[in-house]
Number of protein chains: 2
Amino acid sequence: MLSKKAKYAINALVHLAKQYEKGPILISDISEQENIPQKFLESILLDLKNAGILSSKKGRGGGYYLIKAPEEVNLADVMRLFDGPIAFLPCVTYKYYERCEECIDEATCGIRQVFYEVRNETVEILKRSSLAAIIKKEQLLSDQ
Amino acid sequence: MLSKKAKYAINALVHLAKQYEKGPILISDISEQENIPQKFLESILLDLKNAGILSSKKGRGGGYYLIKAPEEVNLADVMRLFDGPIAFLPCVTYKYYERCEECIDEATCGIRQVFYEVRNETVEILKRSSLAAIIKKEQLLSDQ
DNA sequence: CGTATTTAGCCTTTTTCGAGAGCAATTTTC
DNA sequence: GAAAATTGCTCTCGAAAAAGGCTAAATACG
């Protein structure tokens with residue numbers, strides 16, 4: 001399962017993407033409207049800022065805002081930022097590869113093969129799920 | 001990522017499946033050959049026994065053995081046993097459904113749609129990955 | 001300049017995971 | 001029936017996740 005951090009991050013990002021280029025949004029607004037504990041949200045937004053996805057402004061009229069285009073932020077990146085690898089096993093991860101300590105022969109490991117396939121399918125779906133794509137899906141759903 | 005418990009469980013099950021119907025196997029043998037901490041493995045095997053997948057015999061000549069056919073034990077079931085839901089969000093799980101507390105409208109949630117698709121693909125792959133299927137894959141790999 | 005607003009950083013608490021120690025219970029064998 | 005072999009059970013410990021509290025720093029506005 002996703003960590004709360006990652007889940008909240010995605011919700012906050014979608015929220016900000018809906019108001020892209022409309023100026024800074026208050027943490028407290030996001031917290032209230034998305035039902036995210038405020039203190040927790042603060043550290044999440046800070047992480048997203050340090051990752052170069054958001055920027056912030058202090059003082060009156062301040063808040064957080066998206067600096068990447070909603071088309072360019074996808075769920076795979078956000079999940080990796082907060083929860084690390086997406087794959088189920090370290091030996092099939094893309095950016096965090098590590099041998100399974102207990103593994104005897106990676107080359108002939110049938111378990112690895114299965115999870116390699118799972119990872120590929122998963123990452124493919126997540127990569128094409130940008131903030132823009134998610135917002136589009138929501139519009140389609142509410143137009144029905 | 002999989003918990004160590006689930007990963008070790010899968011390795012132990014594949015080990016036992018390779019010796020299906022050849023009598024009880026010692027915990028210590030599995031522990032050594034699969035590089036799994038023995039005490040940890042003990043509790044894992046016990047869980048698998050309580051789940052009706054393994055059975056055990058005490059005393060000399062004792063150990064653990066598979067009571068389900070290797071074709072009938074798949075990775076989705078084992079993962080759910082140890083790590084709970086396979087899906088990334090509680091609102092798209094099959095057997096453990098729960099509303100996301102912070103969610104505003106599940107019916108129009110674009111995030112949910114994405115993770116619903118991921119779950120479906122993932123579970124499909126894991127369901128068809130039985131112990132027998134994994135062993136077959138390993139044989140194909142080592143015959144190359 | 002000073003005050004209100006808002007983000008930034010640090011410290012504490014509670015729960016769960018990974019691992020191991022030690023002892024108890026059960027079965028076989030002699 | 002005693003001893004050896006093996007599984008079964010209960011604690012404990014450290015690290016990480018999920019919060020929440022409190023104070024500092026920066027900025028805007030009158």
Side-chain angles (χ1 to χ4, degrees), chain A residues 1-12 16 23-32 34-51 53-67 79 81-85 88-90 96 98 100-102, chain B residues 1-12 16 23-32 34-51 53-67 79 81-85 88-90 96 98 100-102:
Chain A
M1 298 264 279
L2 281 190
S3 69
K4 297 258 184 178
K5 224 168 180 172
K7 190 162 48 148
Y8 291 157
I10 294 171
N11 277 288
L16 289 172
I25 312 287
L26 289 180
I27 293 181
S28 56
D29 282 1
I30 307 176
S31 162
E32 280 166 31
E34 300 292 335
N35 292 318
I36 303 173
Q38 178 155 346
K39 282 309 286 183
F40 204 20
L41 180 58
E42 286 175 21
S43 75
I44 291 166
L45 294 175
L46 200 54
D47 287 343
L48 288 168
K49 178 184 173 182
N50 292 332
I53 297 173
L54 301 182
S55 190
S56 68
K57 210 181 149 191
K58 291 188 179 185
R60 169 170 288 174
Y64 275 94
Y65 53 95
L66 206 56
I67 50 175
M79 287 170 60
L81 182 61
F82 289 97
D83 291 354
F88 282 115
L89 293 180
Y96 302 82
E98 226 174 286
C100 289
E101 318 148 31
E102 76 280 6
Chain B
M1 298 265 281
L2 280 190
S3 70
K4 297 261 183 176
K5 225 170 180 172
K7 191 164 46 149
Y8 291 156
I10 295 170
N11 276 290
L16 289 172
I25 313 287
L26 288 181
I27 292 182
S28 56
D29 282 1
I30 307 177
S31 162
E32 280 167 32
E34 301 291 336
N35 292 319
I36 303 172
Q38 177 155 346
K39 285 309 286 187
F40 204 21
L41 180 58
E42 286 176 20
S43 74
I44 292 166
L45 295 175
L46 199 53
D47 286 343
L48 288 167
K49 178 184 173 181
N50 292 331
I53 297 174
L54 301 182
S55 190
S56 68
K57 207 181 153 192
K58 290 189 178 185
R60 168 168 287 177
Y64 274 96
Y65 53 94
L66 205 57
I67 49 174
M79 287 170 60
L81 183 60
F82 289 97
D83 291 353
F88 282 114
L89 294 180
Y96 301 83
E98 225 174 288
C100 289
E101 317 150 30
E102 76 279 6

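None of the values given here were measured: they were computed from a predicted structure. Per chain, numbering begins at 1; letters A, B, ... match sequence-line order.
Checking the phosphate oxygens (OP1, OP2) of dA19(D), a side-chain nitrogen or oxygen of Y8(A) falls inside 4.0 Å.
For the pair L2(B) and F82(B), the minimum side-chain heavy-atom distance is 4.5 Å or more. Using a 4.5 Å heavy-atom cutoff, the side chains of C100(B) and P90(B) are in contact. In this structure the side chain of L45(A) reaches within 4.5 angstrom of the side chain of I30(A), judged on heavy atoms.
Side-chain N/O atoms of K7(B) and base N/O atoms of dG18(C) include no donor-acceptor pair closer than 3.5 Å.
Taking for each of R60(B) and D83(B) the nucleotide of DNA chain C with the nearest heavy atom, the 5'-most of the two is the partner of D83(B). DNA chain D is contacted by both G61(A) and L2(A); L2(A) maps to the nucleotide lying nearer its 5′ end (nearest heavy atom per residue). Remark on DNA chain D: of its neighbouring residues E101(B) and I27(B), the 5'-side contact belongs to I27(B), judged by nearest-heavy-atom nucleotide.
Of the candidate nucleotides dG22(C), dT26(C), dA25(D), dA25(D) has the atom lying nearest to any side-chain atom of K58(A). The side chain of S3(B) sits closest to dG18(C) out of dG20(C), dT7(D), dG18(C).
The interatomic distance linking E42(B) (CD) with dT26(C) (C1') rounds to 14 Å, in whole Å. Taking atom CD on Q38(A) and atom P on dG21(D), their separation rounds to 11 Å, with Å as the unit. What separates CG of L26(A) from P of dT5(C) is a distance of 11 Å, to the nearest Å. Between the C1' atom of dT6(D) and the NZ atom of K49(B) lies a distance of 11 Å, rounded to the nearest Å. M1(A) places its CE atom 11 Å from the P atom of dA18(D), with the value rounded to the nearest Å. Atoms CG (L16(A)) and P (dT7(C)) sit 11 Å apart, rounded to a whole Å. Atom P of nucleotide dG9(C) and atom CD1 of I44(A) are separated by 16 Å, given to the nearest angstrom. Per the geometry, NZ belonging to K4(B) stands 14 Å off C1' belonging to dA16(D), to the nearest Å.
Between K7(B) and E101(A) there is no salt bridge, since no side-chain nitrogen of the basic residue lies less than 4.0 Å from a carboxylate oxygen of the acidic one.
A donor-acceptor pair is defined here as one N or O able to donate and one able to accept, closer than 3.5 Å; such a pair exists between the side chain of S31(B) and the backbone of I36(B).
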